[in-house]
Amino acid sequence: MNDSDTPKKSNFIRQIIESDLASGKHVAIQTRFPPEPNGYLHIGHAKSICLNFGVAEDYDGRCNLRFDDTNPHKENAEFVRAIEEDVRWLGYDWEERMFFASDYFEPLYEFAVELIRRGRAYVCDLTAEQIRDYRGTLTEAGRDSPYRERSVEESLDLFARMRAGEFPDGSRVLRAKIDMASPNINLRDPTIYRIRHGVIHHQTGDEWSIYPMYDFTHCLSDMLEEVTHSLCTLEFEDHRPLYDWFLDALETPCHPRQIEFARLNLEYTVLSKRKLTELVDGGHVESWDDPRMPTIAGLRRRGYTPVSIRNFCERIGVTKADSRVEMQILEGCIREDLEQHANRRLAVLDPLKVVLTNYPEEREEEFEVPNHPQEPGMGERPVPFCRELWIERADFMEEAPRKFKRLVTGGEVRLRNAYVIRCDEVVKDDAGEIVELRCSYDPETLGRNPEDRKVKGVIHWVSARHGVSAEVRLYDRLFTVPNPEGEEDWLSAINPESLEAVTAVVEPALADAAPGERFQFERTGYFCADRRDHSAERPVFNRTVALRDSWAKIAGKG
RNA sequence: UGGGGCGUAGCCAAGCGGUUAAGGCACCGGUUUUUGGUACCGGCACUCCCAGGUUCGAAUCCUGGCGCCCCAGCCA
């Protein structure tokens, strides 16, 4: 479970589970992850997935994957497929236990009939508007529907005919008979079945013309799967009395316990399916897996690893307090993983030409460069070197502040894994822009430091003769404000500079990158070959996250 | 003026009547370094939303305030 030296995961849900196990209330725990297949999963779902599957794993229990597919208007098989892929990618296994709420439509129907028989549900002929009107307000009690006291026989007959498709959409619903004066609005005779004609359900086709509502479906599905702890988000707290009411009214063999926790909010993004759908449908991003999206698919394409996301979910904890987590936590998690596991490469994002005037024109060398400076086991690769190189434009300054330790005119700098060079001359075009640096190299400095002087800076480079041109996509936060949802017009808070594509020059080894392969471009950041667009002929890399940049802080202070 | 929740550092978050109030992220110093990265060392809440009360002792218990979130779909 937990090693003695790793901190014990402690949260209120685990405490409840541990106490239920200790008291013998349960001998094994059963959870479920219940997505609605009406969109792609996002990082907020990852929190729920890690919680449900994680808790099952740690207490030797089981976690089911169950699609909550009771609203055929919004759901489809493509979303089912994508959700399966994402949960699996995160590293979780539901074994043979993949279910659909629609698997239970028949038993659910029988439960509804039983409710009617017990006088606990009735068919109501009010229109949607009338129902709203009869419901009352937050501060005023509602009024009983005129159909509330209709006979059991009549409701039974009407409900059967609703199923048979005899009535048009919206003409009737089945309602639980609870309390129209309840201070909890959810208990004012909630609708539990509605008529939906002519929709093709992705699992059941046209078999049904009535569909059950969430509150009725969820508790009974949990019960049928013998779920012990039904974990959901805070907005369902008000529904818990309803959850319990159905299970009590039907005298079920087991009664799962619903426990609510706070959903995840992340700075500078949105985490509601409605809004994410709008971003995709409105063309504000390219797709559900656009690397700027907080979806699992987007994060995957951006270069995030399953481990980093699971780690993130562990770090943010589980509580009932509304919170908004800083991006830095997520970024820290991916840096931590990639720092250890990503091969290093050299890539120049904003190239400036360097000519080594004392390096023979025809000469070429090849250095064996380690893939990771601290992990010899990760191997090495050949990196070619010649008279003409590219370096990063930002690594040279004609007039530099004292703390600048890169290349300056007349100064020296170390080329990473190669020689120390000195800048002798700056070549500019008519506009005064620097187009080339003429430098000389010190042949004595390969793999060794000069004894008479100190060279403090190290910069990266790529051989101009061998370098490969690549598209590099630099991503920034999708929104300009920490909480776009709190904005009057959230779409106007989209960051117009969330994607900047540059043409970079990368070392030749990078052309062989497999789609999805991750690297650290030294001194720059972590990147991955785009899984859709990258090829050896046309390399494309996505920036997952930049390296920490303490120089930017110093420079920024002036 | 209804009901349900929540409030511990810049951001998460442990804590469950007796601790110097964990830990992580961020931040600030320093050491090492052929990545201004990494790693390592050190700093970072006399106080837990506020006010009273109970107690030898309160972040923890009680009372009263204040602030924030959710609920009036035939969505989930």
Side-chain angles (χ1 to χ4, degrees), chain A residues 7-8 10-11 15 34-36 38 68-71 73-75 124 126-128 131-133 135-142 169-175 182-188 190-196 210-211 213-215 217-218 232-241 260 262 267 273-274 314-333 335-336 339-340 344 346 372-374 403-406 414-418 420 445 447-449 455-460 482 520-525 546-555:
Chain A
K8 194 173 189 309
S10 175
N11 63 52
Q15 288 179 357
E36 184 190 8
N38 67 342
D68 221 331
D69 58 345
T70 56
N71 185 359
H73 272 298
K74 296 183 175 171
E75 301 155 2
C124 181
L126 256 25
T127 64
I131 287 181
R132 190 187 321 128
D133 194 47
R135 186 155 35 225
T137 69
L138 293 177
T139 52
E140 303 163 61
D169 281 19
S171 59
R172 279 177 239 264
V173 293
L174 183 68
R175 293 226 253 167
S182 172
N184 180 343
I185 283 211
N186 299 120
L187 263 25
R188 318 240 262 232
T191 298
I192 58 182
Y193 265 91
R194 72 290 211 183
I195 300 171
R196 285 288 176 270
I210 54 172
Y211 290 90
M213 301 281 290
Y214 168 85
D215 288 304
T217 307
H218 206 88
C232 64
T233 45
L234 252 28
E235 65 269 28
F236 293 104
E237 208 150 18
D238 286 344
H239 295 242
R240 193 171 63 228
E260 312 83 14
E267 286 190 342
K273 266 201 216 165
R274 206 202 108 243
E314 199 166 302
R315 268 176 212 190
I316 58 175
V318 178
T319 67
K320 296 187 68 153
D322 285 313
S323 62
R324 182 169 310 280
V325 173
E326 294 177 334
M327 263 307 176
Q328 286 107 277
I329 298 188
L330 220 207
E331 293 177 346
C333 288
R335 285 199 188 102
E336 183 180 302
E339 156 63 27
Q340 300 175 61
R344 311 290 127 125
L346 264 20
H372 188 114
Q374 276 89 235
K403 285 183 173 176
F404 188 78
K405 54 186 207 190
R406 282 111 95 151
R414 156 79 61 187
L415 291 178
R416 175 73 165 155
N417 297 122
V420 169
T445 55
R448 113 176 64 127
N449 282 322
V455 178
K456 42 189 172 24
V458 179
I459 65 173
H460 59 280
Q520 183 196 98
F521 289 180
E522 294 207 46
R523 303 210 315 130
T524 304
L547 245 34
R548 250 184 214 95
D549 187 356
S550 57
W551 166 244
K553 282 178 202 163
I554 297 167

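Order of the sequence lines fixes the chain letters, A, B, ..., with proteins taken first and strands second; residue numbering starts at 1 for each chain.
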Original post:
Across all strands shown, which nucleotide pairs with B:C61 by Watson-Crick or G-U wobble geometry, both distances under 3.5 Å?
Top reply: B:G53
Original post:
Is any side-chain N or O of A:Thr137 closer than 4.0 Å to OP1 or OP2 of B:A72?
Top reply: no
Subject >> Contact under 4.0 Å: A:Gln340 side-chain N or O vs B:G37 OP1/OP2 >> reply: no
Original post:
Given the C1' atoms of B:U19 and B:U8, what is the spacing between them in whole Å?
Top reply: 15 Å
Original post:
Do A:Ile459 and A:Arg416 have side-chain heavy atoms sitting under 4.5 Å apart?
Top reply: no
Subject >> Contact under 4.0 Å: A:Lys320 side-chain N or O vs B:G7 OP1/OP2 >> reply: no
Subject >> G-U wobble or Watson-Crick pairing nucleotide for B:C27 (cut-off 3.5 Å, both distances) >> reply: B:G43
Original post:
To the nearest Å, how far apart are A:Ile131 CD1 and B:C74 C1'?
Top reply: 7 Å
Original post:
B:C11 phosphate, OP1 or OP2: any side-chain N/O from A:Ser323 under 4.0 angstrom?
Top reply: no
Original post:
When the distance from CZ of A:Arg448 to C1' of B:U34 is rounded to whole Å, what number comes out?
Top reply: 14 Å
**OP:** Write down the distance between CZ (A:Arg335) and P (B:U35), rounded to a whole number of angstrom.
**Re:** 18 Å
Original post:
Less than 3.5 Å between a donor and an acceptor, one on the side chain of A:Glu326 and one on the base of B:G10, is that the case here?
Top reply: yes
Original post:
Should B:G2 form a Watson-Crick or G-U wobble pair with both distances under 3.5 Å, which nucleotide is its partner?
Top reply: B:C71
Original post:
Using a cut-off of less than 4.0 Å, is there contact between a side-chain N or O of A:Arg135 and OP1 or OP2 of B:C74?
Top reply: yes
**OP:** Examine B:A26: is either OP1 or OP2 under 4.0 Å from a nitrogen or oxygen in the side chain of A:Arg548? Give yes or no.
**Re:** yes
Original post:
Can you tell me how far P in B:A21 sits from the matching atom in B:G3, rounded to whole Å?
Top reply: 39 Å
Original post:
Where does B:G73 fall, syn or anti, if syn means a chi angle no more than 90° from 0?
Top reply: syn
Original post:
Which nucleotide, B:G36, B:U38, B:C16, lies nearest any side-chain atom of A:Arg406?
Top reply: B:G36
**OP:** Look at A:Ser550 and B:G37 and indicate whether a side-chain polar atom (N or O) is within less than 4.0 Å of OP1 or OP2.
**Re:** yes
Original post:
Does B:C16 have a Watson-Crick or wobble mate here (both distances under 3.5 Å), and if so which one?
Top reply: none
Original post:
Cut-off 3.5 Å, side chains only: do A:Arg196 and A:Asn71 have a donor facing an acceptor?
Top reply: no
**OP:** Quickly work out the A:Asp215 CG to B:A76 P distance and round it to whole Å.
**Re:** 8 Å
Original post:
Is the distance from OP1 or OP2 of B:G73 to the nearest side-chain N or O of A:Arg132 less than 4.0 Å?
Top reply: yes
Original post:
Expressed in angstrom and rounded to an integer, what is the separation of A:Lys456 atom NZ from B:G37 atom P?
Top reply: 16 Å
Original post:
Closest to the A:Glu36 side chain: B:G24, B:C75, B:G36?
Top reply: B:C75
**OP:** Give a yes/no answer on whether the side chain of A:Arg194 brings an N or O atom under 4.0 Å of OP1 or OP2 in B:A76.
**Re:** yes
**OP:** May I have the distance from A:His239 (atom NE2) to B:A72 (atom P), rounded to whole angstrom?
**Re:** 7 Å
**OP:** Taking only the side-chain nitrogens and oxygens of A:Arg196, find out if one of them lies under 4.0 Å from OP1 or OP2 of B:C75.
**Re:** yes
Subject >> Value in whole Å for how far the C1' atom of B:U35 lies from CD of A:Glu339 >> reply: 10 Å
Original post:
Roughly, in whole Å, what's the span from NE2 in A:His460 to P in B:U33?
Top reply: 22 Å
